[in-house]
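For reference, the structure is listed below as structure tokens.
Protein chains get the first letters and strands the later ones, always in sequence-line order, with residue 1 at the start of each.
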Number of protein chains: 2
Amino acid sequence: MAANAQPLRPLLAVDVALFTFMAAELRVLLLQRRHPPHAGAWALPGGLVDEGEGLEQAARRELAEETGLTVGPLTQVHTFGDPDRDPRGRVISVAYLACVPADQAEGAGPGAEATALAWHPVAALPELAFDHSRIIAAALARLRADIAQLPALARLLPAAFTLSELQQALAAIQGQEVDKRNFRRKILGLGLLESTGRYRYGDHRPAQLFRLHQA
Amino acid sequence: MAANAQPLRPLLAVDVALFTFMAAELRVLLLQRRHPPHAGAWALPGGLVDEGEGLEQAARRELAEETGLTVGPLTQVHTFGDPDRDPRGRVISVAYLACVPADQAEGAGPGAEATALAWHPVAALPELAFDHSRIIAAALARLRADIAQLPALARLLPAAFTLSELQQALAAIQGQEVDKRNFRRKILGLGLLESTGRYRYGDHRPAQLFRLHQA
DNA sequence: CCAAAAGTGTTTGCTCTACACCCATGG
DNA sequence: CCATGGGTGTAGAGCAAACACTTTTGG
């Protein structure tokens, strides 16, 4: 035992990288901070964990308070604890990842702590408060690994979607073209999608709407 | 803001699941606790993070204090923060994963906090203190995912090893047989191994010793 | 009838798997 | 010379990638 060192009683925070797929781009939700430190800078939604509160529970509460959104599964990504990551003192942050479909993403509005809320394309992020760039980088890496499984990808889209929308989302996230026929064959071969029997009518030939099998 | 809830100032701990490959089994290092809570129970090495200390730094310090070992890369696995995971109060634990070769593993000895130190086969673990079973389960899942890349696997073995040893380690970790010829072709095809030019002499035909390419 | 997105199969190469025998050494 | 683990090649199956045209609708 090194003996005379002080055990730490840090503040404990959760931050959430919340992604959506909107206007053909992968986007992340950011809030513009009302108060110092980093007043005016963009930051992830998040905040301190309360007494008696679980980590994931805290993440959901902060999301609700700061954005009005309720999300599905939250995935823990990484914990950031550099001694100097917050100028106010020692703050440990547990980072979470979640996805919302674009139709729900539209309903987000800033809580009291923020002067603005926006969905920023991940390809062009502004300067961020604290180490939130690193948090987003870690979350994005995890998201890219997870979208290999269809359900994670589908969580970025509304409950019913066309195969073309799914394909566009995948292409945008991986940053590379996807062959239509290979994509459709593989996706349908997984047996995780089912047709809703409905169609999306647009400018051209209507497209079949699918949903994830099971509920 | 929910307003009247108390921000938490928990204790912050790190715990390390340290694996090795010994006697044809994947094993994890456990310490028998000298003091309550859970005195006498087996637990992972770990302890509280000090003032001004980074998370990984704390993990290395605790490992050194409690086992005498110095390890290579530490991988952060997951953070456990259930309100009731420690009977003494709120303690957040950041779990790390590391590997040591069997020749170094032999040199481990218990520090002041433990009455014993042992390398337990992961296939047959005793009852563990706190939520350390869950921590090991998470670390093991991560290890299984990582050993697909050769370097993670090689970290369980001494600096120079035979292909058979590597194959046995892989088979033990995945819990299934591995075809010798396919294994050798794939591993050598990666171009990450190089022959040392030396041989291991034993009861039978000597085996070529390899090491990881580059340092 | 024109523009634009939806939808559909086949071929090719590669990667993964299954499988059996000879070799070198120590005792 | 025998027992034991070290070392080697090939054939078949399944998967992934490349590739172009027809269909349906709205304007």
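- An OP1 or OP2 oxygen of D:dG6 is reached within less than 4.0 angstrom by a side-chain nitrogen or oxygen of B:S164.
- Residues B:R27 and B:H120 are not in side-chain contact: their nearest non-hydrogen atoms beyond the backbone lie 4.5 Å or more apart.
- Between B:R134 and B:D82, at least one side-chain nitrogen of the basic residue sits less than 4.0 Å from a carboxylate oxygen of the acidic one, meeting the salt-bridge criterion.
- Here A:E53 pairs with A:R61 in a salt bridge; the nearest charged N to carboxylate O distance falls below 4.0 Å.
- Counting only heavy atoms from C-beta outward, the side chains of A:H78 and A:F80 approach each other to under 4.5 Å.
- Of the two residues near DNA chain C, A:D203 and A:Y199, the one whose nearest nucleotide lies more 5' is A:D203.
- Distance B:I187 CD1 to D:dG7 P: 14 Å, rounded to the nearest Å.
- Side-chain to base pairing of B:R205 with C:dA24: no donor and acceptor N or O lie closer than 3.5 Å to each other.
- In this structure, A:F183 places its CZ atom 12 Å from P of C:dG7, rounding to the nearest Å.
- Using a cutoff of 4.0 Å between basic side-chain nitrogens and carboxylate oxygens, B:R33 and B:E113 are not scored as salt-bridged.
- The side chain of B:R184 places an N or O atom within less than 4.0 Å of a non-bridging phosphate oxygen (OP1 or OP2) of D:dG7.
- At a threshold of 4.5 Å between non-hydrogen side-chain atoms, the residues B:F19 and B:L156 count as touching.
- For the pair A:I135 and A:F130, the minimum side-chain heavy-atom distance is 4.5 Å or more.
- The nearest whole Å value for the distance from the CD atom in B:Q208 to the P atom in C:dC23 is 18 Å.
- With rounding to whole Å, A:R200 atom CZ is found 20 Å from C:dA4 atom P.
- Between A:F161 atom CZ and C:dA5 atom C1' there is a gap of 18 Å when expressed in whole angstrom units.
- The separation between B:Q174 atom CD and C:dC16 atom P is 13 Å, rounded to whole Å.
- The residue A:T162 sits apart from the nucleic acid: no heavy atom pair falls under 4.0 Å.
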Counting primed atoms plus P, OP1 and OP2 as sugar-phosphate and everything else as base, spell out the protein contacts along nucleotides 11-21 of chain D at 4.0 Å heavy-atom distance: B, S or - for each nucleotide, 5' to 3'. ------BBBB-
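- For A:Y201 and C:dA5, the OH to P distance is 18 Å, given to the nearest whole Å.
- Of the candidate nucleotides D:dG6, C:dG7, C:dA3, C:dA3 has the atom nearest to the side chain of A:H204.
- Between B:Q167 atom CD and D:dG6 atom P the separation is 9 Å, expressed in whole Å.
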